[in-house]
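Below: one structure, written as structure tokens.
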Amino acid sequence: MSSRPQLVAGAVHAVAIVTIWLLAIVIYALAFTRGPALGWVAIDGVLIAAGGWVLHTHRDALGFAVLGPRKLGKLLAIVAFSIGCVALVQLLIADRGGIWLDETNYLATLREGQIQRDGVFPFNLRWLEPMLAGPLNIFPASDAAALKAVNFGAFVVAAVYLVLLLLRLGVKLTIAFSAPVFLLCSYLGVYGASNRLVLDPFNYALFVIVFHTLIRREHAAYFAAALLVTACNSEKAVYWIPVFALVELVRGGGLIPAAKHTLKYCGPALLYLVAIRLYLWGSPSESQLFLENLHVLGFSWHEPQIVDETVKLNRFQHLWFPFGGFTVYALLGFTTCARWLKPIMLLLVPVLLSTLIATDTQRMVAYAFIVYLPFGLLYLARAFGELPLRWSRVLFGLTIALAVAEFYLFPMVRRFRSYELGAAVFEHRDAIQLALAALEVTLVGTIVFLHHTFGRAISRASAPR
């Protein structure tokens, strides 16, 4: 791809991301904040319309050929579905977040409009989202409400681009379309709705965008730009540097060329992180080791005496199964995916290591979505594609229904219940949870068993000879 078309394509993709994000922010401001600034609603509406015009005019540069000839219509449907899913979760889960250590530093950056050199590291390093919601704010909400609105938009962008990512990896639209549901039917979705001031949703969106830039080698310049933006919001950008290096190595060319390519395209983000760390060198830092989490992470149980009260709250399921059966599906997807894609699985290493130094363990593990969901849905797409259509529809429908029920049955009953129905459901809460757990184990086992016992045999039998 020559430089000019590449620049045009990059600009069009940036317009798409900003337009979707801004649309979601305006919807959040109108639906979830008191007294949104109507002047900014009008200005943002013009910007959204201008973005839509650019996408329509330059739809060829947008790519996404997998969406077919009516790709803008399908893209709009994906956006609408994602906004609906995120909004529903925000309605069901109350915002219970407080102003704790993380939030105090983020709001200080937002309100003072500058990086807090006397703040707490690494929270004061994460300046991009607070600045967008503060001095660079062009949204109908302000202060903490603006930060919450940006996070709402981030969830929508993450959901939309997760669907598009799956389509580019070869997953059918009917299965890829479910990605927002599985993304939000997890601790990630619940936490994001109950504590709306943390910056993680912004990182989720950027992680999905970074993943997109790895699919084609000629888009390495996009990777460099996306990684640099990610670094401005979080030091977690470094997770992607060894992954990029291994992807380059797997794609061929030798160790030295892969190292040079990595230095060229990861260098800007790495240099920035070094510079910002030196700039904030005098900042007090906040960290604590929770090494006893290693007992919880281990596959074998040796009956340790865990004394740390924080670690006692963690469970094996929290750390290894944050998205339910998707851990199993992801492992099976890893065995059959394209070779260049396999290094992405190594993102789990820094994600799980972060559980040893962070109090909010489940929030750290939520970043595993970028591994579990793409690999897991790749496997499910293959499994359902090799099983009879009737079986696949039933199993896929049950998988979606179970995910929703496990995380949102009780919030839905609490939010929309009649007194009698709510009392009956909560009276039998333990029994319902046991039934959901039994159904989850049974369903995951059934899908894997049927696929590996019958699906492949049926596929081989029907293959042309």
Would you list the atom pairs, donor with acceptor, under 3.5 Å between side chains in residues 325-332 and any protein atom, with sequence neighbours excluded?
from, atom 1, to, atom 2, distance (Å)
Thr327, OG1, Trp320, O, 2.5

Scan the side chains in residues 30-43 for donor-acceptor partners under 3.5 Å anywhere in the protein, sequence neighbours excluded, and list what turns up.
from, atom 1, to, atom 2, distance (Å)
Thr33, OG1, Ala29, O, 2.3

Output side-chain donor-acceptor pairs under 3.5 Å for residues 148-155, partner residues at least two apart or in another chain, one line each.
from, atom 1, to, atom 2, distance (Å)
Lys148, NZ, Asp95, OD2, 2.7
Asn151, ND2, Arg196, O, 2.8
Asn151, ND2, Val198, O, 2.7

Which donor-acceptor pairs under 3.5 Å do the side chains of residues 161-184 make with protein atoms, sequence neighbours left out?
from, atom 1, to, atom 2, distance (Å)
Arg168, NH1, His212, O, 3.3
Arg168, NH1, His212, ND1, 3.1
Ser178, OG, Ile175, O, 2.6

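Nearest approach of Val157 to Ala205, heavy atoms of both residues: CG1-CB, 4.0 Å. Heavy atoms only, all atoms of each residue included: Ile209 and Ala226 are closest at CG2-CB, 4.3 Å. The shortest heavy-atom contact between Thr19 and Gly51 is OG1-CA, 3.4 Å. For the residue pair Tyr204 and Leu188, the shortest heavy atom distance occurs at CE1-CG, 3.5 Å. When all heavy atoms of Leu199 and Pro130 are compared, the pair lying nearest together is CD1-CD, 4.0 Å. Minimum interatomic distance between Val208 and Ala158 (heavy atoms only, all atoms of both residues): CG2-O, 4.0 Å.
Residue Thr399 holds its OG1 atom at 7.0 Å from CZ of Phe396, rounded to the nearest 0.5 Å. With values rounded to the nearest 0.5 angstrom, Leu132 atom CG is found 9.0 Å from Ile138 atom CD1. The distance from the CG atom of Leu23 to the CD1 atom of Ile48 is 5.0 Å, given to the nearest 0.5 Å. Going from atom NE2 of His56 over to atom NE2 of His58 covers 11.0 Å, rounded to the nearest 0.5 Å. If you take CG on Asn137 and CD1 on Ile25, they are separated by 8.5 Å, rounding to the nearest 0.5 Å. With rounding to the nearest 0.5 Å, the separation of CG in Leu110 from CD in Gln116 is 10.5 Å.
Looking at residues two or more places apart in sequence or on another chain, you find no side-chain hydrogen bond (donor to acceptor under 3.5 Å, both in side chains) involving Gln362. When the ring-ring contact (aromatic ring centres under 6.0 Å, His included) test is applied to Tyr265, the partners found at least two apart in sequence or on another chain are His261. Every residue was checked against the ring-ring contact (aromatic ring centres under 6.0 Å, His included) condition with Tyr408, not counting sequence neighbours, and none meets it. Scanning for salt bridge (charged side-chain N to carboxylate O under 4.0 Å, His left out) contacts around Asp143 gives Arg111, with sequence neighbours left out. With sequence neighbours excluded, no residue satisfies ring-ring contact (aromatic ring centres under 6.0 Å, His included) with Trp127. Applying the salt bridge (charged side-chain N to carboxylate O under 4.0 Å, His left out) rule to Asp60 yields no partners; only residues at least two apart in sequence or on another chain are considered. Shown here are the salt bridge (charged side-chain N to carboxylate O under 4.0 Å, His left out) partners of Asp102, two or more places apart in sequence or in another chain: Arg363. Partners of Arg217 under the salt bridge (charged side-chain N to carboxylate O under 4.0 Å, His left out) rule, at least two apart in sequence or in another chain, are Glu248.
Inter-residue side-chain proximity for Cys232 and Tyr272 is flagged as met; some heavy-atom pair is nearer than 4.5 Å. Phe410 places a side-chain heavy atom less than 4.5 Å from the side chain of Arg429. Using a 4.5 Å heavy-atom cutoff, the side chains of Val89 and Val190 are not in contact. Residues Tyr187 and Phe323 fail the side-chain proximity criterion, which asks for heavy atoms closer than 4.5 Å. Residues Cys185 and Glu406 are not in side-chain contact: their nearest non-hydrogen atoms beyond the backbone lie 4.5 Å or more apart. Between Val12 and Val8 there is a side-chain heavy-atom pair separated by less than 4.5 Å. The shortest distance between side-chain heavy atoms of Ile115 and Met131 does not fall below 4.5 Å. At a threshold of 4.5 Å between non-hydrogen side-chain atoms, the residues Phe290 and Asn293 count as touching.
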* To do: Any chance you could lay out the ring-ring contact (aromatic ring centres under 6.0 Å, His included) test for Trp240 and Phe223, step after step, and finish with the verdict?
  => CA-CA 10 Å; Trp240 289 93; Phe223 175 88; 7.0 Å; no

* CA sep, side-chain torsions, deciding dist, call: Leu341, Leu214, side-chain contact (heavy atoms from CB on, under 4.5 Å) -> CA-CA 9 Å; Leu341 196 56; Leu214 277 177; over 6 Å; no

* Asked: Going through the distances and angles, do Phe202 and Trp21 end up as a ring-ring contact (aromatic ring centres under 6.0 Å, His included)?
  -> CA-CA 10 Å; Phe202 201 98; Trp21 212 317; 4.9 Å; yes

* To do: Evaluate side chain to side chain donor-acceptor pair (under 3.5 Å) for Ser283 paired with Asn124, printing each intermediate quantity in order.
  => CA-CA 9 Å; Ser283 301; Asn124 56 352; 3.0 Å; yes

* Check the pair Arg126, Glu235 against salt bridge (Lys or Arg N to Asp or Glu O under 4.0 Å), reporting the backbone distance first and the verdict last. => CA-CA 8 Å; Arg126 305 164 184 168; Glu235 73 286 354; 2.6 Å; yes

* To do: Any chance you could lay out the side-chain contact (heavy atoms from CB on, under 4.5 Å) test for Ile20 and Ile83, step after step, and finish with the verdict?
  => CA-CA 10 Å; Ile20 294 169; Ile83 291 175; over 6 Å; no

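Counting heavy-atom neighbours within 6.0 Å of Arg251 CZ, excluding the residue itself, gives a total above 12.
With hydrogens and angles ignored, the 3.5 Å screen pairs a side-chain donor or acceptor of Arg277 with a backbone N or O of Leu280. Judged purely by atom type and a 3.5 angstrom limit, Lys71 uses its side chain to pair as donor or acceptor with the backbone of Arg59. For Ser354 (side chain) and Val351 (main-chain N/O), a donor-acceptor pair under 3.5 Å exists by modelled atom type. Side-chain N or O atoms of Ser234 include none that pairs as donor or acceptor with a backbone N or O of Thr230 at under 3.5 Å. Between the side chain of Arg339 and the backbone N or O of Val250 there is at least one donor-acceptor pair closer than 3.5 Å. Under the 3.5 Å distance criterion, the side-chain polar atoms of Asn105 are matched with a main-chain donor or acceptor of Leu101.
Defined by atom type and a distance below 3.5 Å, a donor-acceptor pair is present between the side-chain atoms of Thr361 and Asn314. Judged purely by distance below 3.5 Å, without hydrogens or angles, the side chains of Tyr191 and Asp200 never pair a donor atom with an acceptor atom. Defined by atom type and a distance below 3.5 Å, a donor-acceptor pair is present between the side-chain atoms of Glu103 and Asn195.
Between Tyr367 and Tyr239, the distance separating the two ring centers is not shorter than 6.0 angstrom.
The aromatic rings of Tyr222 and His13 lie tilted to each other, with the angle between the two planes from 30° to 60°.
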